[in-house]
Amino acid sequence: MYFGLNEDQELIDQSLRSFLGDKLTLEDVRRIAETHTGFDSDIWNGLSELGIPGLLIPEDYGGSGLSLLDAAVVAEALGYYAAPVPFIANSVMAPKILEACGSDDQRQRYLPGIASGGIRLSVGFGNKADVTGENSVHFNDNRIASGRITGLLDSSEASHAIIASSDGAIGIIDLSSNQVDLTPRPTIDRTRPLADLVLKEAAVEILSDGEKAKETIRMALDTGRLMLSADTLGASYAMIDKAVAYAGERVQFGRLISSFQAIKHLCAEMIATVEPCKSLVWYSAHISEENPEERHIHASLTKAHLAEVGRDIARSATEVHGGMGFTELMGLHFWFKRIGFSRQTLGGPEACREDAILAQGWSSG
Amino acid sequence: MDLTYSTKHQKLQHEIRTFIEKYGHLSPRFGGGRKKPDEKDLHWQKLLLERGYFARTVPVEYGGFGAEPDVLETAIIANELSLAGVSPGLLNQGNLIVVPPMLELGTQEQCKEWVPRTLTGEIIWCIGNSEPGSGSDMANAQTKAVVEGDEFVINGQKIWTSSAHYADMMFLLCRTEPEAPKHKGLSYLMVPMTTKGIEVRPLVTMTERPEFNETFLTDVRVPTDQIVMQRGDGWKVAISSLKHERLMLGDPNKQLQRFQSILKLMRESEINGKRLIDHPAYRDRLAKLQAEVLAAKFHNMRLTSIENSGRESGVTGLVVKYFGTLLNHKLSALAVDILGEAGLPYDPHEVAEDDIQTTWQIDYMYDIGLIIGGGTSQIQKNIISERGLGMPKEKVPAK
């Protein structure tokens with residue numbers, strides 16, 4: 001019996017952090033953020049060499065066949081470095097969707113490409129996670145899609161998009177088609193854009209519909225919620241580390257500000273709130289595959305809790321930096337905004353808690 | 001992560017469920033501050049001990065169940081007992097603050113003499129740490145113990161000694177080496193409360209109950225072998241004991257118990273015919289706390305795994321008392337809010353088993369005491385920031 005990461009997971013964590021620590025300095029984050037694409041080919045290629053895109057893809061399809069807990073470890077590290085990487089939708093949600101409802105042929109056509117990095121998938125399950133936004137997409141009987149959908153994740157330089165129609169079917173759209181208009185929307189989080197997709201009688205490859213599609217959407221959203229939680233976990237640790245480091249350099253009243261209890265106690269409060277979250281994220285990722293019946297409850301509660309903890313830490317860590325924390329110059333805002341993005345994406349804390357309440361049968365609404 | 005429910009775990013779960021079905025009605029109510037265990041408490045404790053649902057990993061020769069440490073087994077026991085709303089046993093200071101350092105640092109003879117009877121509840125301990133002049137600064141203890149022949153002669157005063165008014169033994173921190181530096185002059189002695197020269201004056205708390213005491217020690221004599229470790233080793237014992245005290249105060253089993261009973265209460269109570277669980281504002285608060293309770297539970301499993309593998313737990317262990325006691329207070333605060341106006345009648349002197357109003361009000365206030373006791377939240381934050389985050393230590397101001 002053991003509650004924690006195994007040696008392989010610790011190794012993934014170390015090699016990923018060592019790569020990102022080396023290649024993704026604050027200057028790099030700033031440079032990539034200015035492109036508003038949420039993508040950088042050097043970073044992406046490096047991650048591909050580490051096997052990150054194919055992490056969850058079965059070995060038969062060219063991936064590593066690892067677990068959601070491994071993916072959570074990766075998401076935490078990406079959050080720690082505010083990495084502009086198409087991970088959550090492309091490397092986690094999309095493979096899980098294809099695994100859940102793709103045909104053998106569809107898996108064969110997409111999964112090896114995702115693992116090698118040749119195919120890049122965006123996911124748009126707009127309006128299926130109790131979020132604001134728009135989805136007027138319809139698939140007709142001849143596999144033609146029309147309408148508009150907002151909130152596509154990992155959209156930049158994506159080759160395909162998996163979307164849900166407004167009535168809940170799942171299909172794949174080839175984004176190179178002329179009947180497709182993809183407009184990236186830079187968000188408050190400059191490391192991760194969202195996109196709007198307008199379809200004008202575009203071809204759609206149907207993956208699933210009916211009850212099976214509904215289940216798959218639920219599963220993919222839960223999985224996305226888990227990854228966003230892990231991302232916030234990493235971003236929160238980064239902000240605490242930066243706050244402690246800054247307080248250990250800044251001198252006021254003739255002493256390091258880290259020697260003031262006012263500052264020490266803020267830092268202690270931050271670490272005391274985030275430490276238990278690590279175990280919550282790990283457990284929820286683990287149980288989601290071990291016992292799928294518990295997935296929805298745990299993913300939702302975890303997303304809600306990390307959103308709240310992340311918000312407090314984002315504020316307190318910025319406060320520790322004083323006026324510098326509020327400047328663009330310090331760069332702390334990348335993490336502040338990253339935490340905000342994760343909070344508002346795929347369901348805010350109130351919606352997530354209500355999901356958990358209904359799933360546990362506490363109340364019928 | 002290896003949390004596989006093996007046959008062993010399924011069997012244990014089944015066993016506990018069968019046990020609860022058969023004996024659950026014998027469980028005392030959990031909560032409502034500390035009190036001297038009565039017949040019902042002692043009998044329930046015996047049932048738990050016999051089956052290894054309490055002191056599961058304590059060696060058999062010391063009255064435990066002798067099982068190998070297994071985080072999942074511990075979690076299953078806590079989970080099943082809390083789901084059924086039955087008591088997890090005597091989570092008193094003896095079992096949670098005295099037994100662990102004794103097993104860690106005491107002699108075999110001491111363990112044999114004290115641990116079994118502490119586990120059963122036959123011996124109740126109180127802790128003599130704080131003094132009027134040394135609360136948060138515990139290492140400044142001034143109570144003196146001087147060797148005369150084969151006895152220590154103890155003189156001094158302790159304060160905030162919970163349970164001293166009914167305890168059998170005191171785990172006493174005192175200064176045996178007045179010439180040594182502050183932290184090196186301390187020792188822990190085990191003192192029977194019936195010894196001549198001990199006077200206990202109950203202190204009534206905001207709950208209107210004598211939850212703790214002032215304890216005066218005047219020429220109290222105990223044999224010199226009633227010491228834990230050697231003379232001057234008291235601070236080592238204190239570190240071990242405080243670690244366990246802080247883990248006890250943040251014990252996630254208590255939070256699970258509370259969460260389950262609040263959920264039950266919200267499903268059963270109504271305002272104008274509408275169940276509280278159907279009120280969005282109340283149930284949102286409960287779901288918020290559920291996530292925190294789960295985080296605390298898994299944090300405890302992670303911490304236990306770190307400790308079982310012999311690694312240093314660092315900041316992971318240091319945060320437990322601070323967030324655990326705060327979480328407990330958030331839980332009792334929700335309970336009090338749910339009870340609303342009908343939850344105000346209060347009789348703390350003869351608390352009936354079914355008097356949930358008084359029990360929750362006591363918990364709601366007692367939780368403040370636990371936020372302060374065992375090192376206040378502010379002391380915890382100093383420890384977390386200094387030992388956990390490596391921030392500068394408090395400077396001693398020039399006098």
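So you know, we letter chains A, B, ... as the sequences are listed, proteins then strands, and number each from 1.
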What option among [options] has the most heavy-atom pairs under 4.5 Å with chain A?
options                                : result
B:Pro69, B:Ala295, B:Gly388            : B:Ala295
B:Gln380, B:Lys297, B:Lys393, B:Glu292 : B:Glu292
B:Arg275, B:Met301, B:Met266           : B:Met301
B:Leu72, B:Ile277, B:Ile384            : B:Ile277

Under 4.5 Å between any side-chain heavy atoms of [X] and [Y], yes or no?
X        : Y        : value
B:Thr304 : A:Phe3   : no
B:Met1   : A:Leu5   : no
A:Lys278 : B:His299 : no
B:Asp284 : A:Glu354 : no

Full working for side-chain contact (heavy atoms from CB on, under 4.5 Å) between B:Leu294 and A:His298: CA-CA 9 Å; B:Leu294 287 174; A:His298 279 90; 4.0 Å; yes

Audit row: A:Trp362, B:Leu263, side-chain contact (heavy atoms from CB on, under 4.5 Å) steps and yes/no: CA-CA 8 Å; A:Trp362 289 1; B:Leu263 174 60; 3.6 Å; yes

Where B:Arg283 and A:Ser363 come nearest, the two heavy atoms and their spacing: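 Where B:Arg283 meets A:Ser363 most closely, the heavy atoms are NH1-OG, 2.9 Å.
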
For B:Leu389 against A:Ala268, the heavy-atom pair lying closest together: CD1-N, 4.2 Å

Chain B contact via A:His265 - side chain, backbone, both or neither, heavy atoms under 4.5 Å: both

Contacting region of A:Glu269 [heavy-atom separation from chain B under 4.5 Å]: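 Both backbone and side chain.
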
Flag, side chain of A:Lys264 to backbone of B:Ile383, donor-acceptor distance under 3.5 Å: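 Checked: no pair found.
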
Verdict with supporting geometry, A:Glu275 and B:Arg302, salt bridge (Lys or Arg N to Asp or Glu O under 4.0 Å): CA-CA 10 Å; A:Glu275 266 293 298; B:Arg302 173 172 159 234; 3.3 Å; yes

Ring geometry between B:Phe298 and A:Tyr283 (parallel below 30°, tilted from 30 to 60°, perpendicular above 60°):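 Judged by the thresholds at 30° and 60°, the geometry between A:Tyr283 and B:Phe298 is parallel.
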
Intermediate values then yes/no, side-chain contact (heavy atoms from CB on, under 4.5 Å), A:His286 and B:Leu3: CA-CA 9 Å; A:His286 173 77; B:Leu3 304 174; 4.0 Å; yes

side-chain contact (heavy atoms from CB on, under 4.5 Å) assessment of B:Met391 paired with A:Cys267: CA-CA 9 Å; B:Met391 298 177 90; A:Cys267 294; 3.8 Å; yes

Donor-acceptor pair between A:Gln360 and B:Gln290 side chains, under 3.5 angstrom: yes

Any pair counted as side-chain hydrogen bond (donor to acceptor under 3.5 Å, both in side chains), so long as it reaches residues 312-323 of chain A, sequence neighbours left out: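 Every pair satisfying side-chain hydrogen bond (donor to acceptor under 3.5 Å, both in side chains) with a residue in residues 312-323 of chain A: A:Arg315-A:Glu319.
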
